[in-house]
Amino acid sequence: MQTKLRSDAFLQQAMGTCGDAVYRLALCRLNSRADAEDVYQEVFLRLLRDDTDFRDTEHLKAWLLRVTLSRCADLRRSAWFKRTAPMEAAAPEPESSSELWQAVHALPDDQRIAVWLHYVEGYRTEEIAEMVGCRPATVRTRLHRARKQLKLDLEGSYDEEQLERTEGHQGSAGAEGAHSGSSS
């Protein structure tokens, strides 16, 4: 039984308008370029064979991101991924070099996905809830917890930098003066 495939033009347009979002979400979820590329290909192969009638580009993008999340979850559950994930996690991606994105990548999966879809892709909590299969209140809780954790992580590193700078400028005389002032 032969299934009807979508046109090349439709697929190219979908890849052009939504491909980056699919790849970035897969990379965010899996922390591996190779795995993200595999998911990207599988998502668009599924689109090629799927017969959903999309209302508009946003409907298409939401569908693609839901399929991406689903495929990422499938991959993470696989025995192969469980054996290779620790090695992949040991080598951070160069794109995650900023302090903020390193902190985002350190978040638990559910929080990281909520942050990504909300702040990077621009989805509302109700839309994210539909994509990931939970209630909007759950998405808001995940975002709240993620912001709280990011604030702690980023303020902690900022405080350490400030402390190092202060200690460097004070020198031993400044440290002694501070110590003698506290004993009076």
Side-chain angles (χ1 to χ4, degrees), residues 6 10-11 13-86 88-89 92-93 95-96 98-154:
R6 294 187 186 270
F10 177 83
L11 198 59
Q13 181 183 7
M15 291 170 79
T17 58
C18 306
D20 287 344
V22 167
Y23 177 76
R24 288 190 314 259
L25 180 58
L27 185 60
C28 175
R29 182 76 170 100
L30 300 171
N31 291 323
S32 164
R33 286 183 184 201
D35 290 339
E37 290 168 3
D38 288 346
V39 166
Y40 177 91
Q41 289 177 358
E42 290 175 26
V43 166
F44 284 102
L45 281 173
R46 182 162 172 198
L47 176 63
L48 178 68
R49 295 182 182 110
D50 189 83
D51 62 355
T52 302
D53 187 24
F54 299 104
R55 293 183 306 272
D56 56 20
T57 305
E58 276 305 308
H59 183 212
L60 171 64
K61 183 177 178 185
W63 184 90
L64 288 168
L65 294 179
R66 276 193 305 273
V67 172
T68 302
L69 287 172
S70 175
R71 184 58 197 124
C72 288
D74 292 346
L75 183 62
R76 290 179 65 95
R77 281 192 297 266
S78 73
W80 177 85
F81 188 86
K82 288 177 182 176
R83 284 193 313 269
T84 61
E88 291 287 347
E93 294 293 324
E95 296 161 7
S96 63
S98 80
E99 189 176 346
L100 172 63
W101 289 112
Q102 286 177 356
V104 169
H105 281 289
L107 291 171
D109 289 339
D110 58 347
Q111 292 176 16
R112 185 175 65 241
I113 296 303
V115 166
W116 188 267
L117 290 173
H118 185 69
Y119 291 105
V120 177
E121 300 301 334
Y123 283 98
R124 297 184 334 267
T125 55
E126 294 80 12
E127 295 169 318
I128 297 168
E130 187 178 319
M131 283 184 218
V132 299
C134 68
R135 296 178 12 185
T138 304
V139 174
R140 287 190 289 275
T141 299
R142 290 173 181 173
L143 287 170
H144 173 76
R145 289 178 179 164
R147 286 188 294 263
K148 188 175 174 181
Q149 185 61 48
L150 290 171
K151 182 177 180 185
L152 287 173
D153 292 347
L154 296 173

- prompt: Could you state the interatomic distance from CD (Gln102) to CD (Glu99), rounded to the nearest 0.5 Å?
  reply: 7.5 Å
message: Can you pull out every salt bridge (charged side-chain N to carboxylate O under 4.0 Å, His left out) where at least one residue sits in residues 50-60? Sequence neighbours excluded, please.
response: Arg6-Asp50
- line: Residues at least two apart in sequence or cross-chain that pass side chain to side chain donor-acceptor pair (under 3.5 Å) with Glu42, listed by chain then number, are Arg71
query: Can you list the steps and then say if Leu25 with Leu64 is a side-chain contact (heavy atoms from CB on, under 4.5 Å)?
result: CA-CA 10 Å; Leu25 180 58; Leu64 288 168; over 6 Å; no
query: So, for Cys72 and Ala26, which heavy atoms are closest and what is the spacing to 0.1 Å?
result: SG-CA, 3.8 Å
- request: Starting at CG of Asp20, measure out to OH of Tyr40 and round the result to the nearest 0.5 Å.
  value: 7.5 Å
field: Euclidean distance, Gln111 CD relative to Leu150 CG, rounded to 0.5 Å
entry: 8.5 Å
Qualifying ring pair (Phe, Tyr, Trp, His ring centres under 6.0 Å) pairs, either residue in residues 126-151, two or more places apart: none
message: So which atom in Leu11 and which in Phe44 form the shortest heavy-atom distance, rounded to 0.1 Å?
response: CD1-O, 3.6 Å
task: For Phe54, check ring pair (Phe, Tyr, Trp, His ring centres under 6.0 Å) against everything at least two apart and list the hits.
output: His59, Trp63
- request: Taking all non-hydrogen atoms of both residues into account, name the closest pair between Leu65 and Ala21 and its distance.
  value: CD2-O, 3.8 Å
query: Do other residues, nucleotides or ligands put more than 12 heavy atoms under 6.0 Å from Arg112 CZ?
result: yes
Value rounded to 0.5 Å, distance of OH in Tyr23 from CD in Gln41: 11.5 Å
statement: One should read off an interatomic distance between Thr68 OG1 and Leu30 CG, to the nearest 0.5 angstrom, of 10.0 Å
task: Step by step, work out the side-chain contact (heavy atoms from CB on, under 4.5 Å) result for Val39 and Arg29.
output: CA-CA 11 Å; Val39 166; Arg29 182 76 170 100; over 6 Å; no
task: Any chance you could measure Leu143, atom CG, to Ile128, atom CD1, to the nearest 0.5 Å?
output: 5.5 Å
Which atom pairs, one a donor and one an acceptor, fall under 3.5 Å between side chains of residues 132-142 and the rest of the protein, sequence neighbours left out?
{"from": "Arg140", "atom 1": "NH1", "to": "Thr125", "atom 2": "OG1", "distance (Å)": "3.4"}
{"from": "Thr141", "atom 1": "OG1", "to": "Ala137", "atom 2": "O", "distance (Å)": "2.9"}
{"from": "Arg142", "atom 1": "NE", "to": "Asp110", "atom 2": "OD2", "distance (Å)": "3.4"}

Going by atom type alone, with no hydrogens or angles, which donor-acceptor pairs under 3.5 Å involve a side-chain atom of residues 115-124 and a protein atom two or more places apart or on another chain?
{"from": "Trp116", "atom 1": "NE1", "to": "Glu121", "atom 2": "OE2", "distance (Å)": "3.4"}
{"from": "His118", "atom 1": "ND1", "to": "Tyr123", "atom 2": "O", "distance (Å)": "2.9"}
{"from": "Tyr119", "atom 1": "OH", "to": "Arg147", "atom 2": "NH1", "distance (Å)": "2.7"}
{"from": "Glu121", "atom 1": "OE1", "to": "Lys61", "atom 2": "NZ", "distance (Å)": "3.2"}
{"from": "Glu121", "atom 1": "OE2", "to": "Arg24", "atom 2": "NH2", "distance (Å)": "3.0"}
{"from": "Arg124", "atom 1": "NH1", "to": "Glu127", "atom 2": "OE2", "distance (Å)": "3.4"}

